[in-house]
Protein chains: 2
Amino acid sequence: MSTETATTGRLAAQIVGSSLAEIPADVVHEAKRALLNITGCALGGSLHPAMDIAIDALGPYAGPPSAAVIGRRERFDPLFASMLNGISSHVHDYDDTTPRNYIHNSSPVASALFAYASERRVTGRDFLHAFIVGFEVVSRIGNATYPAHYDAGWHSTGSIGVFGAAVAIGRLLGLTQLQMTHAIGLAATQSAGLREMFGSMAKSFHPGRSAQSGYMAALLAQKGFTAGLRSLEGPRGFAAVQAAAYDLSKVADRFGEDFDLRVNAYKPFPCGIVIHPTIDACIQMRDEHDIDAADIVAVRLRVAPLVKDLCNKQHITCGLEGKFSIYHAAAIGLGRGKGGLGEFTDDVVTDPVLKRLREITEATGDERVSEDSVRVEVQLADGRVLSKDLAQSLGNLARPLSDAQLERKFADQADVIPRGSVDRLMSCCWNVERLADMNELIRLTVPPPA
Amino acid sequence: MSTETATTGRLAAQIVGSSLAEIPADVVHEAKRALLNITGCALGGSLHPAMDIAIDALGPYAGPPSAAVIGRRERFDPLFASMLNGISSHVHDYDDTTPRNYIHNSSPVASALFAYASERRVTGRDFLHAFIVGFEVVSRIGNATYPAHYDAGWHSTGSIGVFGAAVAIGRLLGLTQLQMTHAIGLAATQSAGLREMFGSMAKSFHPGRSAQSGYMAALLAQKGFTAGLRSLEGPRGFAAVQAAAYDLSKVADRFGEDFDLRVNAYKPFPCGIVIHPTIDACIQMRDEHDIDAADIVAVRLRVAPLVKDLCNKQHITCGLEGKFSIYHAAAIGLGRGKGGLGEFTDDVVTDPVLKRLREITEATGDERVSEDSVRVEVQLADGRVLSKDLAQSLGNLARPLSDAQLERKFADQADVIPRGSVDRLMSCCWNVERLADMNELIRLTVPPPA
């Protein structure tokens, strides 16, 4: 059979046949960085109002409380816990991104795995392996359908993340190839998530729902619930229906040889990745020239056209919108000299200084500007015009966050657990393959009783 | 604001402002027919293996067992009960269809409503009203995006059904206009379901998952979970992303004046509606000419091109595939003279007489043949060639099932409840607006303890 006609079955066979021993050491290390990062993000988002609301609305319908939720004291059934982990780990838009396809792979995959592992004994090795497989499957389906799928308006972290959760849980459940094929099918037919939700809580619901839907797909497949066998490549399957153009050879070719974990990027700022160059450049300009926000009369940005497509909201009223506003990016960089969680709260967005800076900022899409770069021009009241060309944004593949920077980012988000747990938790992440039971790690993510 | 830019908000306002008193009597009667039919279908599918597997796989994760499931003794939380009702009521492909858009509107809407009403006191009037609103919203969004959405490969019973469940539950929860707008958004961003699943259990999972997702959307919106406000009409919203062409004026224009319940069709045969004309014509030919299957040497069908697109499986091995095989349709009509639940079992599909009939059947797509009609030619061993042109298939809008035929269809599927309950249950459906508590009806759908 050609690649096209057997994609799903081939992928299922590769997932079932994969083993951690065959995964290169650098990929394993990168997987630990991704786990450390996503665990920190889940801690940082665990008290977000979206979490409280989801628990308030859906908690009464949750099953036996056998699973932990990162950063929370409540326990729920593992399907609902998966959803909650997905919301918390993505709600600040601070998680990782594979710049080839703009998917935040770790959130849907790790969210399901943490919930699953919290209610039984899973070794660190099995967990890590399932995470790597899930991560790579998301990125592979993402690469096969990028950019058409994303450009159409799908939030692929949700619409493709669901596959990663399904196969990761499917690995731990020990699904056969046929069951794995059904699990992929049941994931495909739950694939959802619209970019129209950006700027609302529903964005973080996408990886949450995908973690839960993928988990559910694996459970159903294990017990014999059937799906179409060609869910990726069939004429009414995922690729044909949800992408105007695609190359399915990218799904299963060189599986176990090429790894997208090697091109995973970690965010230094909790917002849409395409506005990172602007924040970075504006912080640098403020520091270099000691700029006072009150002296700025105009800001002119030249950005990649995609930035205008994704982040063109100038008049914003809440923190979540700020995460997708190129104008807010310039405003916090120039006005506050930083871009942490504190720069995307509802209060900060309404700060009149930042509001004025957003309003005097112009952004122009320019084909010659890459998505990693920006040109910033700042005009001051005294007539001076300062400018900066930033070629590579902090956190991208050319300027990756170091392990130490990742640890600082982690610690900054870990307020909800005792200080003494932070180092132990990071150490568990770095040594995950030595854990006999993932609960040694998961236990540390749960705040002690009040 | 133009229709395009305010579709979601306008629809939400109309849903919130709607009242049963303003709905014409003929529409109310049709809603009762739809309720009777879908209740019967849920009873008929309640013991299907897909139900047992779903309960086996997901039951352990269900919440407090406060809700009933039609045709089952088990109780679950209402979200999981919604999913189960959706599976049972669609798994035999015996439910209703609006031929304008090929959606099975009742399954996702009623499945959520029955689960909701089973755990509290909801009057028959409120239930009926919510059902009508949900039904119409599904059909309106279906009409606005048909045929592009369906042609692309979406199973709109799932991908659009989710809106109906959300607004129906939203009505009973008393959502405000803004909350209803969020609920529609949270439904849109869970819109899923691929036609590649046809012929597998996953098809029935679509209305099940949609019932559950829509219900969840309403619960989240009630508590303040936010979504994009332009989920239908926004540039990355449902219509733009999931339909290549659409007319959003069909969503909210003449709401409360035009009703698609008036063009709802009830199936006489438990299979894809586009193969109904062939079953009907073949039964008639067998009866008229007293044909013995062994004498048939060739069968030639001229069908609408859509039939070939949807139902071209000739070599089938299970009952679910038979429901989407134009060849099986001819085989059961000519070979058995009927098309009930018993003609779509796994055993019957492997019957060598039917297998031979499928193999000697040719189907040709013909633009001149409508989806309600067929031309059948049967060649016999003695050289005779019989033919029949069927212009209107039983169950379509020109030859609708009468109330009495619907009652017979209902009774045929009601084996799981005591005989004495059948008439009482049908009477509750016909008099639903007089019930002070829907549990008077729902109680009758649950089999007594073993």
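Keep in mind the model is a prediction, meaning the values are calculated, not measured. Order of the sequence lines sets the chain letters (A, B, ...), proteins ahead of strands, with each chain counted from 1.
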Pairs of donor and acceptor atoms involving the side chains of residues 184-196 of chain B, under 3.5 Å and at least two apart or interchain, shall be tabulated with distances.
residue : atom : partner : partner atom : Å
B:T189  : OG1  : A:L194  : N            : 2.9
B:T189  : OG1  : A:H206  : NE2          : 2.5
B:Q190  : OE1  : A:R209  : NE           : 2.7
B:Q190  : OE1  : A:R209  : NH2          : 3.2
B:Q190  : OE1  : B:S213  : OG           : 3.2
B:Q190  : NE2  : B:L186  : O            : 3.0
B:Q190  : NE2  : B:S213  : O            : 3.2
B:S191  : OG   : B:S159  : O            : 2.7
B:S191  : OG   : B:Q242  : NE2          : 3.1
B:R195  : NH1  : B:Y150  : O            : 2.5
B:E196  : OE1  : A:R236  : N            : 2.7
B:E196  : OE1  : A:G237  : N            : 3.4

Contacts of B:F324 that satisfy ring-ring contact (aromatic ring centres under 6.0 Å, His included) - sequence neighbours left out =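 For B:F324 the ring-ring contact (aromatic ring centres under 6.0 Å, His included) partners, ignoring immediate neighbours, are B:F198.
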Partner residues of B:F344 under the ring-ring contact (aromatic ring centres under 6.0 Å, His included) criterion, sequence neighbours left out =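 So B:F344 forms a ring-ring contact (aromatic ring centres under 6.0 Å, His included) with B:H328.
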Interatomic spacing from [atom1] in [X] to [atom2] in [Y] - rounded to 0.5 Å:
{"X": "B:Q212", "Y": "A:M216", "atom1": "CD", "atom2": "CE", "value": "5.0 Å"}
{"X": "A:S200", "Y": "B:H182", "atom1": "OG", "atom2": "NE2", "value": "7.0 Å"}
{"X": "A:L79", "Y": "B:L79", "atom1": "CG", "atom2": "CG", "value": "12.0 Å"}

Contact class of B:E321 relative to chain A, heavy atoms under 4.5 angstrom =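 No part of it gets close to chain A.
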Chain A heavy atoms under 4.5 Å from B:L173: which part of the residue, side chain, backbone, both or neither?
->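 No part of B:L173 comes within 4.5 Å of chain A.
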Look at [options] and state which one has the largest set of heavy-atom pairs under 4.5 Å with chain A.
{"options": "B:A67, B:G199, B:P235", "answer": "B:P235"}
{"options": "B:K203, B:Q222, B:M201", "answer": "B:M201"}
{"options": "B:F238, B:F225, B:F76", "answer": "B:F225"}

With chain B as the partner chain, list the residues of residues 51-64 of chain A whose heavy atoms fall under 4.5 Å from it, by residue number, and write 'none' if nothing qualifies.
->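 Residues of residues 51-64 of chain A touching chain B at under 4.5 Å: A:I53, A:A54, A:D56, A:A57, A:L58, A:P60, A:Y61, A:A62, A:G63, A:P64.
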Could you check A:F205 against B:T226 for side chain to side chain contact (heavy atoms under 4.5 Å, CB included), going step by step and ending with a plain yes or no?
-> CA-CA 10 Å; A:F205 180 64; B:T226 62; over 6 Å; no
If you take all heavy atoms of A:M197 and B:G228, which pair is closest and at what distance?
->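 Looking at all heavy atoms of both residues, the shortest contact is SD-N, 3.3 Å.
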In terms of heavy-atom pairs under 4.5 Å, which option from A:L219, A:L229, A:L320 contacts chain B the most?
->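 Most heavy-atom pairs within the cutoff with chain B belong to A:L219.
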Side chain, backbone, both or neither: which part of A:D309 has an atom under 4.5 Å from a heavy atom of chain B?
->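 Contact with chain B is through the side chain of A:D309 alone.
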